[in-house]
Amino acid sequence: MKTLPGIITLAVLVLTLGGPAQAGSKSPDKSPHKKEHSEATKEKQMDSLQKKIDVMAEDLRLLDLRMNKFVYETYLEYMKDRFNPIPITKLKTFDLEKLCDTVPEIARLNSEYKAADEKTKAVLMKDPDYQALQKRKKAGDFPGYSVEFSQIYSRLMDNDAEYRDARLMTSAALNARNIAIARYLLNDCQRRGDVMPTSGVITKNEMQFITDLQAYKNMAQDRWLINTIMSGVKTELVNMKYEMPAQ
């Protein structure tokens with residue numbers, strides 16, 4: 001039979017251990033200190049994840065600029081000796097007069113284009129059919145003059161060496177000017193950290209040719225990889241923030 005002091009000692013021991021709990025179990029520590037420590041750890045982990053996301057987002061931004069520069073430089077190199085001038089004026093993101101006032105090279109090329117264009121117009125005015133069509137156009141007495149103009153241009157290109165030479169010089173001068181404008185705009189976009197639009201300038205087929213190049217494919221693969229990893233880190237951050245179970 002246990003003595004009273006022995007029973008008291010047992011009771012104190014039970015109370016100290018938190019009651020008749022199962023062997024080896026511990027009561028959860030709900031102290032404010034431990035909770036604050038847990039929250040602080042969580043905040044540090046979330047900050048670490050956000051920093052990773054920010055780094056990858058910056059990498060993607062820089063990679064987009066590299067890809068945009070590669071696309072335009074490849075396109076301009078391909079188009080520099082082509083007959084048809086690049087349609088850079090379709091961007092409508094610049095003022096040609098202001099560019100000519102501030103960029104001497106573009107001003108010079110624009111003057112050369114205007115001179116060549118005037119020579120082409122002078123040659124055209126020697127053609128009777130062209131003169132008659134111009135009068136009809138000014139009078140506005142028929143709607144389909146563009147087709148007839150095209151027919152005249154085609155006839156002269158095939159049969160009139162003077163016109164053909166003048167037209168080729170005009171196209172080359174216009175293309176040189178437009179390429180200079182495109183390079184200036186591209187460098188300005190790169191400096192500002194903006195992607196230069198390609199819509200309206202580079203055709204679907206031209207873009208397909210560029211994106212099929214291995215150098216572009218390598219960059220596209222890098223972009224996909226970074227984006228995939230960043231997506232996973234974002235999911236981890238959201239799960240941690242809202243204490244959602246990991247998938």
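Worth saying up front: this structure is predicted, and the values here are computed from it rather than measured.
- Within the structure, the ring-ring contact (aromatic ring centres under 6.0 Å, His included) test picks out the following pairs touching residues 97-134 (sequence neighbours left out): Y130-F149.
- Panel note: side chain S171, backbone N84; no donor-acceptor pair is recorded below 3.5 Å.
- Within 6.0 Å of the OH atom in Y242, the count of heavy atoms belonging to other residues, nucleotides or ligands does not exceed 12.
- L168 is not connected to L109 by any chain of hydrophobic side-chain contacts under 4.5 Å among Ile, Leu, Val, Met, Phe, Trp and Tyr, and they are in different clusters.
- Linking ILVMFWY residues whenever their side-chain heavy atoms come closer than 4.5 Å, directly or via other members, places L76 and V71 in the same cluster.
- Under the side-chain contact (heavy atoms from CB on, under 4.5 Å) criterion, A220 pairs with M67, Y216, not counting sequence neighbours.
- Going from atom NZ of K52 over to atom OG of S48 covers 4.5 Å, rounded to the nearest 0.5 Å.
- Atom OG1 of T170 is separated from atom NZ of K119 by 9.0 Å, given to the nearest 0.5 angstrom.
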Q. Taking it one step at a time, do R164 and R167 satisfy side-chain contact (heavy atoms from CB on, under 4.5 Å)?
A. CA-CA 5 Å; R164 183 166 56 252; R167 175 77 180 276; 5.8 Å; no

Q.
Using the rule given for side-chain contact (heavy atoms from CB on, under 4.5 Å), can you reason through Q131 versus K126, listing the C-alpha separation, both sets of side-chain angles and the distance that settles it, and then say yes or no?
A. CA-CA 8 Å; Q131 292 180 34; K126 297 178 182 180; 5.5 Å; no

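- Minimum interatomic distance between M240 and M46 (heavy atoms only, all atoms of both residues): SD-CG, 3.5 Å.
- Residue pairs satisfying the side-chain hydrogen bond (donor to acceptor under 3.5 Å, both in side chains) criterion with at least one member in residues 176-198, sequence neighbours excluded, are listed as follows: N110-R177, D188-R191, D188-R192, R192-D194.
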List the atom pairs, with distances to 0.1 Å, where a side-chain N or O of residues 85-97 and a protein N or O form a donor-acceptor pair under 3.5 Å, not counting sequence neighbours.
unit_1	atom_1	unit_2	atom_2	d
D95	OD1	E97	N	3.0
D95	OD1	K98	N	3.2

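- A pairwise comparison of heavy atoms in A173 and A116 identifies CB-CB, 4.4 Å as the closest pair.
- The CD1 atom of I106 sits 12.0 Å away from atom OG of S111, with the distance rounded to the nearest 0.5 Å.
- Here the options are N239, L237, V238, the test is side-chain contact (heavy atoms from CB on, under 4.5 Å), and the partner is T235; only N239 passes.
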May I have the list of side-chain donor-acceptor pairs in residues 54-66 shorter than 3.5 Å, sequence neighbours left out?
unit_1	atom_1	unit_2	atom_2	d
D54	OD1	Q50	NE2	3.0
E58	OE1	R61	NE	3.1
E58	OE2	R61	NH2	2.9
D64	OD1	R223	NE	2.6
D64	OD2	R223	NH2	3.2

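- Salt-bridge annotation for R155 and D160: absent, with no side-chain N of the basic residue lying under 4.0 Å from a carboxylate O of the acidic one.
- Under the 3.5 Å distance criterion, the side-chain polar atoms of N68 are matched with a main-chain donor or acceptor of M196.
- Summarising the geometry, atom CD1 belonging to I179 is positioned 8.5 Å from atom CD belonging to E77; distances are rounded to the nearest 0.5 Å.
- To the nearest 0.5 angstrom, Y153 atom OH is 6.0 Å from L124 atom CG.
- To the nearest 0.5 Å, atoms CZ (R136) and CG (L133) are separated by 6.0 Å.
- Although no hydrogens or angles enter the test, the distance criterion places a donor-acceptor pair under 3.5 Å between the side chain of T120 and the main chain of A166.
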Return all side-chain donor-acceptor pairs below 3.5 angstrom for residues 199-215, not counting sequence neighbours, or 'none' if the list is empty.
unit_1	atom_1	unit_2	atom_2	d
T203	OG1	E206	N	3.2
T203	OG1	E206	OE1	3.1
E206	OE1	T203	N	2.9
Q208	NE2	D212	OD1	3.1
Q208	NE2	D212	OD2	3.3
T211	OG1	M207	O	3.0
T211	OG1	Q208	O	3.2
Q214	NE2	N218	OD1	2.9

Q) For M230 and N227, what are the C-alpha separation, side-chain angles and deciding distance, and is it a side-chain contact (heavy atoms from CB on, under 4.5 Å)? A) CA-CA 5 Å; M230 187 169 70; N227 204 40; 3.8 Å; yes

Q: Kindly indicate, with the supporting measurements, whether the criterion salt bridge (Lys or Arg N to Asp or Glu O under 4.0 Å) is fulfilled by E112 and R108.
A: CA-CA 6 Å; E112 290 179 1; R108 179 183 66 81; 2.7 Å; yes

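- Between D117 and K121 a salt bridge is recorded (basic side-chain N to carboxylate O distance below 4.0 Å).
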